[in-house]
Engineer: 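Here you go, one structure.
Just the heavy atoms: all of them, side chains too, but no hydrogens, waters or symmetry mates, feed the values below. Naming: A, B, ... by sequence-line order, numbering from 1 per chain.
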Amino acid sequence: MPELPEVETVRRGLAPVMEDAVVEELVLNRPNLRFPFADNFHELVEGQRITSLGRRAKYLLMDLSNGQVIIMHLGMSGSFRTLDEKAPGNFHHERGKLEAHDHVIFHLRRPDGEQAQVIYNDPRRFGFMLMTPRAELDQHKMIRDLGVEPVGNALDGDHLAQKFANKAAPLKAALLDQSIIAGLGNIYVCEALWRTGLSPKRKARTLVLKSGKPTARALALVDNVKDVINEAIAAGGSSLRDHTQTDGSLGYFQHSFAVYDQEGNACQKPDCIGTIRRIVQSGRSTFYCPSCQG
DNA sequence: AAGTGAACCTGAAGGC
DNA sequence: TGCCTTCAGGTTCACT
């Protein structure tokens with residue numbers, strides 16, 4: 001499920017628990033997720049302090065005091081939950097109680113001396129955890145080809161135009177391409193295209209003028225991508241706090257989308273009489289309004 | 001080279 | 001009830 005806003009939400013939830021904590025014990029309940037754990041994964045993690053929990057695109061980056069960083073990806077079904085001595089519910093009662101697909105458990109000692117656990121659960125196991133020295137992170141296979149973050153100064157109309165120039169792929173595919181913009185997924189691409197009134201089937205190069213400059217629609221698309229991501233992060237943050245108060249888990253949150261998973265529903269754009277339709281592009285569902293997305 | 005589809009894996013939901 | 005098919009928010013690999 002996780003696109004950039006969900007990963008950022010998870011990061012913000014985990015950081016207060018994990019940063020500056022020492023990993024007293026690391027439990028791996030299977031030898032692999034999507035990829036095998038490194039042979040020395042255990043020894044590189046246990047006893048280390050977590051110096052920071054960062055994010056790049058859809059990757060969580062866990063920096064350790066020995067200079068290693070764990071590159072984590074949640075795949076389609078990965079999630080974290082935390083158990084904290086201070087949290088409601090009973091930490092000691094819960095300790096050791098595993099649920100199906102609990103693959104990795106971090107047993108932590110916080111600077112104040114209290115204990116906490118962070119548990120990674122992933123039914124489909126498309127997620128992974130890879131270890132690399134921080135100094136080599138930018139050259140890592142999973143990181144080196146990533147495009148710009150959607151939020152921030154790096155993404156602007158000129159950048160998008162340069163990447164979309166001569167591109168025959170449909171907008172849907174071009175926006176999902178992590179080497180162009182890193183962090184967008186199926187939901188927010190559908191939402192951003194709908195907001196901009198652009199057909200997901202339109203070729204990416206049609207947003208670039210002969211001069212190489214972005215069209216007005218391209219500029220609007222950039223704004224809508226940023227807005228949709230920022231709004232989702234804001235929504236995730238607020239519902240995450242609610243969630244943590246009840247059971248201490250960190251996962252996904254309910255959203256209402258304008259087009260994603262809205263097949264058959266009326267288009268919400270003012271004055272549009274269209275009906276949201278589902279098509280398949282590159283093997284993935286695209287939701288859009290055939291009436292106002294031209 | 002770029003673009004599309006299949007594969008990886010489990011579980012939930014819907015049709016019969 | 002059960003069995004079957006389809007689908008899922010991601011990425012990589014193998015093909016045209």
Side-chain angles (χ1 to χ4, degrees), chain A residues 1-11 29-36 55-60 71-80 98-104 120-130 140-147 150 162-194 200-206 208 225 228-229 231-233 235-236 239-240 250-264 277-288:
Chain A
M1 300 188 176
E3 302 182 28
L4 186 155
E6 289 74 32
V7 177
E8 177 60 20
T9 297
V10 168
R11 189 197 69 75
N29 288 323
R30 49 175 304 123
N32 63 296
L33 294 171
R34 176 174 192 140
F35 306 116
R55 180 191 59 74
R56 172 75 169 101
K58 301 173 191 172
Y59 296 89
L60 283 172
I71 304 169
M72 311 169 109
H73 198 290
L74 304 179
M76 292 278 265
S77 58
S79 66
F80 284 97
L98 291 188
E99 297 182 9
H101 309 299
D102 283 348
H103 304 310
V104 181
Y120 179 69
N121 183 288
D122 188 354
R124 294 176 73 179
R125 303 199 306 277
F126 289 168
F128 54 83
M129 297 187 189
L130 301 174
H140 193 280
K141 185 186 176 201
M142 295 294 144
I143 303 294
R144 66 184 178 209
D145 295 325
L146 291 174
Q162 186 235 314
K163 293 293 187 182
F164 279 10
N166 304 316
K167 229 185 190 328
L171 282 172
K172 174 72 187 309
L175 290 171
L176 280 176
D177 184 342
Q178 300 296 296
S179 72
I180 299 178
I181 302 175
L184 301 184
N186 209 22
I187 291 177
Y188 299 114
V189 166
C190 290
E191 295 293 313
L193 287 171
W194 175 81
K201 294 187 277 194
R202 186 164 158 172
K203 290 183 193 313
R205 64 185 178 214
T206 66
V208 185
V225 163
V228 110
I229 294 296
E231 289 169 25
I233 292 173
S239 71
L240 176 69
L250 289 165
Y252 311 120
F253 47 92
Q254 294 303 314
H255 253 306
S256 67
F257 304 113
V259 282
Y260 184 81
D261 207 20
Q262 303 298 315
E263 184 182 23
R277 181 150 174 255
R278 173 185 177 272
I279 60 173
V280 174
Q281 291 179 289
S282 313
R284 312 201 57 194
S285 288
T286 295
F287 298 89
Y288 76 113

Engineer: Of the candidate nucleotides dT12(C), dC8(B), dT4(B), which contains the atom at the shortest distance from the side chain of M142(A)?
Structural biologist: dT12(C)
Engineer: Check the distance between dA8(C)'s P and I187(A)'s CD1 and give it to me in whole angstrom.
Structural biologist: 11 Å
Engineer: Is there aromatic stacking of F126(A) on dC9(B) here, judged by a ring-centre distance under 5.5 Å and a plane angle under 30°?
Structural biologist: no
Engineer: Considering only dT4(B), dT11(C), dA8(C), which nucleotide approaches the side chain of S282(A) most closely?
Structural biologist: dT4(B)
Engineer: Can you see which heavy atom on F257(A) is nearest to which on I187(A), and at what distance?
Structural biologist: CE2-CG2, 3.4 Å
Engineer: If I pick the P atom on dC7(C) and the same atom on dG5(B), what distance separates them, to the nearest angstrom?
Structural biologist: 14 Å
Engineer: Reading DNA chain B 5' to 3', what string of ( ), [ ], | and . shows its pairs, if Watson-Crick and G-U wobble pairs count only when both distances fall under 3.5 Å?
Structural biologist: .|||||||.|||||||
Engineer: Taking DNA chain B as the partner, which of residues 164-174 of chain A come within under 4.0 angstrom of it by heavy atom?
Structural biologist: K167(A), A168(A), A169(A), P170(A)
Engineer: Of all the nucleotides listed (dA8(C), dG11(B), dG10(C)), which has the minimum atom distance to the side chain of Y260(A)?
Structural biologist: dA8(C)
Engineer: What's the separation between atom CG in L146(A) and atom CZ in R56(A), rounded to the nearest 0.5 Å?
Structural biologist: 5.0 Å
Engineer: At what distance, to the nearest 0.5 angstrom, does CZ of R278(A) lie from OH of Y260(A)?
Structural biologist: 9.0 Å
Engineer: Considering only atom P, compute the distance from dA14(C) to dC9(B) and round it to an integer number of Å.
Structural biologist: 15 Å
Engineer: Please list every donor-acceptor pair under 3.5 Å in which a side-chain atom of residues 164-175 of chain A meets a protein atom from a residue at least two apart or in another chain.
Structural biologist:
{"from": "K172(A)", "atom 1": "NZ", "to": "N186(A)", "atom 2": "OD1", "distance (Å)": "2.7"}
{"from": "K172(A)", "atom 1": "NZ", "to": "S285(A)", "atom 2": "O", "distance (Å)": "3.2"}
{"from": "K172(A)", "atom 1": "NZ", "to": "T286(A)", "atom 2": "OG1", "distance (Å)": "2.8"}

Engineer: Could you tell me the separation between the CE atom of M72(A) and the CG atom of D122(A), rounded to the nearest 0.5 Å?
Structural biologist: 11.0 Å
Engineer: Search all heavy atoms of F128(A) against all heavy atoms of M142(A) and return the closest pair with its distance.
Structural biologist: CZ-SD, 3.8 Å
Engineer: Give the rounded distance in Å between these two atoms: CG of L176(A) and P of dT4(B).
Structural biologist: 12 Å
Engineer: Considering only side-chain heavy atoms of N186(A), which listed nucleotide, dC13(C), dA8(C), dG9(C), is closest?
Structural biologist: dG9(C)
Engineer: Between atom NZ in K141(A) and atom C1' in dT11(C), what is the gap in whole Å?
Structural biologist: 10 Å
Engineer: Quick one: is dT4(B) close enough that its OP1 or OP2 comes under 4.0 Å of any side-chain N or O from R284(A)?
Structural biologist: no
Engineer: Looking only at side-chain atoms of H101(A), point me to the closest of dA8(C), dG11(B), dG10(C).
Structural biologist: dG11(B)
Engineer: Please report the distance, rounded to the nearest Å, between CG in D102(A) and C1' in dT10(B).
Structural biologist: 15 Å
Engineer: Nearest to the side chain of R124(A) - dT11(C), dG9(C), dC9(B)?
Structural biologist: dC9(B)
Engineer: Sticking with atom P, work out how far dT6(C) lies from dA6(B), rounded to a whole angstrom.
Structural biologist: 13 Å
Engineer: Name the closest nucleotide to the S285(A) side chain, picking from dG11(B), dC9(B), dC7(C).
Structural biologist: dC7(C)
Engineer: State which of dC13(C), dA8(C), dT11(C) makes the closest approach to the side chain of K58(A).
Structural biologist: dT11(C)
Engineer: Between C1' on dG3(B) and CD on Q281(A), what's the gap in Å once rounded to a whole number?
Structural biologist: 13 Å
Engineer: Give the C-alpha distance, both sets of side-chain angles, the deciding distance and a yes or no for side-chain contact (heavy atoms from CB on, under 4.5 Å) between K141(A) and L130(A).
Structural biologist: CA-CA 11 Å; K141(A) 185 186 176 201; L130(A) 301 174; over 6 Å; no
Engineer: Between atom CZ in F128(A) and atom P in dC9(B), what is the gap in whole Å?
Structural biologist: 16 Å
Engineer: Looking only at N and O atoms, is any donor in the side chain of R125(A) or the base of dT10(B) less than 3.5 Å from an acceptor on the other one?
Structural biologist: no
Engineer: What is the distance, rounded to the nearest whole Å, between atom CE of M76(A) and atom P of dC7(C)?
Structural biologist: 13 Å
Engineer: So how far is it from I233(A) CD1 to E3(A) CD, rounded to the nearest 0.5 Å?
Structural biologist: 11.5 Å
Engineer: Rounding to an integer number of Å, can you tell me how far L4(A) CG sits from dT11(C) P?
Structural biologist: 11 Å
Engineer: Would you say the side chain of I279(A) lies within less than 4.5 Å of the side chain of K201(A), judging by non-hydrogen atoms?
Structural biologist: yes
Engineer: Determine the Euclidean distance between corresponding P atoms of dA1(B) and dT11(C); express it in Å to zero decimal places.
Structural biologist: 23 Å
